[in-house]
Amino acid sequence: MSAVSSRLPVFPWDKLEPYKATAAAHPDGIVDLSVGTPVDPVPDLIQRALVAAANSPGYPTVWGTPQLRDALTGWAERRLGARDVAHANVLPVVGSKELVAWLPTQLGLGAGDRVAYPRLAYPTYEVGARLCGAEPVSYEDPTALDPAGLKLLWLNSPSNPTGRVLDKAELTRIVAWAREHGVLLFSDECYLELGWEAEPVSVLHPDVCGGSYEGLVAVHSLSKRSNLAGYRAAFLVGDAAVLGELLQIRKHGGMMTPAPVQAATVAALGDDTHVAEQRARYAARRIALRAALEGHGFRIEHSEASLYLWATRDEPCWETVARLAQLGVLVAPGDFYGPAGDRFVRVALTATDERVEAAVKRLG
């Protein structure tokens, strides 16, 4: 165990604890804009579906019920514009973080293999490479990478932490390059339904993939769009051969989405109303926080999608974290997401309206 854990970086959020204590000491309490965990209620129709399926004494299947697979294929065609999505093209997973962390291991990667991800990125891409002993490689432009030994390429659009969106032309160019060099491409699209100043596009859109899912898998989650982070509900869509192999491995590993969560997922994917309502909440919070940050001397870069504002005062990120903690506002330092973020902070939109209002007043 010690040999494996020694490959991993220090868990980043532990470094934030002293600043969290400072922010919590504010007379009006902390405004936590750091982690990005949903705070709004789980929609009633999803709760009802979960409760209705609560009497589930048997083991669920790793591949999910036929009803769940129907919901996944239907949503992918309706929302992503994907065509001819069959059950073999979908696979439920136990939350997207589990998938990201263990994918390289499940693909059989190890020493001598390389896993690439954006230079500003969710830290778990690197963790996944390190867990299996592969070499983590960050990029500015993936097509500039040496493809030798590159077995897995992560895209993330909309980006966490920056909110940057890759357009159709960029995605098409990257997909073509990956296929030319035989590199498996996984696209983390968990924030796709949260575009503000850009319309995010999936790698599975026919204009991008040419109608073929060969070598491509998209990762999606219900954590943010449906407030289901506590349910651990996510899924994959794409190359049937890749997903078939993962299904066999995950059967042996017992990586089963609980039956009540499968039922809740069916309900969530079948309803667009709650998604629009949640988007409206986040849009209002985004407008208020952006104006307050800019009024406080911040510059916002990218941030055209996702649940974060990528902000800088052109100073070291930990100085910014400390400055805001004194105001009772906790944010994430940009270097959590790579050295290139060392003068930025990530500000989450996931706080109640009351707490957002408190942050706006303090910044003012």
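Just so it is clear, the model here is predicted, and its values are computed rather than measured.
Side-chain N or O atoms of S56 include one that pairs as donor or acceptor with a backbone N or O of A53 at under 3.5 Å. Listed for the N89 side chain is a donor-acceptor partner under 3.5 Å among the backbone atoms of G238. Remark: side-chain polar atoms of H205 are paired, donor with acceptor, to backbone N or O of D207 under 3.5 angstrom. Within the 3.5 Å criterion, the main-chain N or O of I300 finds no donor-acceptor partner in the side chain of S303. Proximity of a side-chain donor or acceptor of T124 to a complementary backbone N or O of V127 within less than 3.5 Å is not detected. The closest donor-acceptor contact from the side chain of R179 to the backbone of I174 lies at 3.5 Å or more, if one exists at all. A side-chain donor-acceptor contact under 3.5 Å links Q47 to the backbone of V42. With hydrogens and angles ignored, the 3.5 Å screen pairs no side-chain donor or acceptor of E301 with any backbone N or O of T162.
Residues D32 and V331 fail the side-chain proximity criterion, which asks for heavy atoms closer than 4.5 Å. Looking only at side-chain heavy atoms (C-beta outward), Y337 and P12 stay at 4.5 Å or farther from each other. Looking only at side-chain heavy atoms (C-beta outward), L68 and P92 come within less than 4.5 Å of each other. Here the side chains of N156 and Y125 are in contact, with some heavy-atom distance below 4.5 Å. At least one side-chain heavy atom of I46 sits less than 4.5 Å from a side-chain heavy atom of L228. At a threshold of 4.5 Å between non-hydrogen side-chain atoms, the residues R232 and V261 do not count as touching. T257 has its side chain out of reach of V93: every pair of non-hydrogen atoms, C-beta onward, lies at least 4.5 Å apart. Between L185 and V217, every side-chain heavy-atom pair lies at or beyond the 4.5 Å cut-off.
The nearest pair of heavy atoms linking C190 to S221 is SG-CB, 3.5 Å. The shortest non-hydrogen separation linking L222 to F235 is CD1-CE2, 3.5 Å. Here the closest heavy-atom approach between residue R313 and residue T320 is recorded as CD-CG2, 4.3 Å. Considering all non-hydrogen atoms of both residues, R346 and P161 come closest at CD-CB, 3.6 Å. Shown here for G215 and D239, the closest heavy-atom pair between the two residues is N-OD2, 2.7 Å. Nearest heavy-atom pair, A351 versus V356, reported as atom, atom and distance to 0.1 Å: O-CG2, 3.8 Å.
Between W310 and F344, the ring-plane angle classifies as parallel under the 30° and 60° cut-offs.
With rounding to the nearest 0.5 angstrom, the CZ atom of F336 is 13.5 Å from the CG atom of D342. Within the model, atoms CD of E319 and CZ of R343 stand 8.0 Å from one another, a figure rounded to the nearest 0.5 Å. The CD atom of E180 sits 10.0 Å away from the OG1 atom of T143 when rounded to the nearest 0.5 Å. Between atom CG of residue D271 and atom OG of residue S226 there is a gap of 8.0 Å, rounded to the nearest 0.5 Å. The CG atom of L120 sits 10.0 Å away from atom CG of N160, with the distance rounded to the nearest 0.5 Å.
Here E354 does not pair with K361 in a salt bridge; the nearest charged N to carboxylate O distance is not below 4.0 Å. With respect to the salt-bridge test (charged N to carboxylate O, under 4.0 angstrom), the residues D28 and R355 qualify. Salt-bridge check for D314 with R299: passed, with a basic side-chain N closer than 4.0 Å to an acidic carboxylate O. One finds a salt bridge joining D40 and R285 here, because a Lys/Arg side-chain nitrogen approaches an Asp/Glu carboxylate oxygen to under 4.0 Å. A salt bridge does not link K168 to E170: none of the charged side-chain nitrogens sits closer than 4.0 Å to a carboxylate oxygen. With salt bridges taken as basic N to acidic carboxylate O contacts below 4.0 Å, none links R7 and E126. Using a cut-off of 4.0 Å between Lys/Arg side-chain N and Asp/Glu carboxylate O, E357 and R362 are scored as not salt-bridged.
Counting heavy-atom neighbours within 6.0 Å of D146 CG, excluding the residue itself, gives a total above 12.
Between the side chains of E189 and S202, at least one donor N or O lies within less than 3.5 Å of an accepting N or O. No side-chain donor-acceptor contact under 3.5 Å links D188 and H220.
When each of R79, R78, R279, K224 is tested with E193 by the rule salt bridge (charged side-chain N to carboxylate O under 4.0 Å, His left out), just one qualifies, namely R79. The side-chain contact (heavy atoms from CB on, under 4.5 Å) test with L184 singles out one residue from L150, L216, L107, and that residue is L107.
For the pair R69 and W63, the cation-pi criterion (under 6.0 Å, within 45° of the ring axis) is fulfilled.
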- Task: Decide yes or no on ring pair (Phe, Tyr, Trp, His ring centres under 6.0 Å) for W196 and Y282, but give the supporting numbers first.
- Result: CA-CA 10 Å; W196 311 115; Y282 285 137; 7.3 Å; no
- Between W318 and D335, is a side-chain hydrogen bond (donor to acceptor under 3.5 Å, both in side chains) present by the stated rule, with each step listed? CA-CA 9 Å; W318 286 99; D335 66 2; 3.0 Å; yes
- Message: One pair to check against side chain to side chain contact (heavy atoms under 4.5 Å, CB included): L153 and F186. What are the steps and the verdict?
- Response: CA-CA 6 Å; L153 171 63; F186 266 66; over 6 Å; no
- Query: What do the steps show when you test R225 against L269 for side chain to side chain contact (heavy atoms under 4.5 Å, CB included), and what is the final call?
  - Reply: CA-CA 10 Å; R225 51 93 74 187; L269 292 178; 4.1 Å; yes
- Query: Does the side chain to side chain contact (heavy atoms under 4.5 Å, CB included) test come out yes or no for V347 and L293, once each step is laid out?
  - Reply: CA-CA 10 Å; V347 183; L293 287 165; 4.1 Å; yes
- Message: Is there a side chain to side chain contact (heavy atoms under 4.5 Å, CB included) between L349 and Y308? Walk through the geometry before answering.
- Response: CA-CA 6 Å; L349 309 180; Y308 312 104; over 6 Å; no
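A search for side-chain contact (heavy atoms from CB on, under 4.5 Å) contacts involving S157 returns V165, L166, not counting sequence neighbours. Residues passing the side-chain contact (heavy atoms from CB on, under 4.5 Å) test with Q106 are E98, W102, L246, I249, R250, M255, sequence neighbours excluded.
Here the two rings, on Y117 and Y122, have centers that are 6.0 Å apart or farther.
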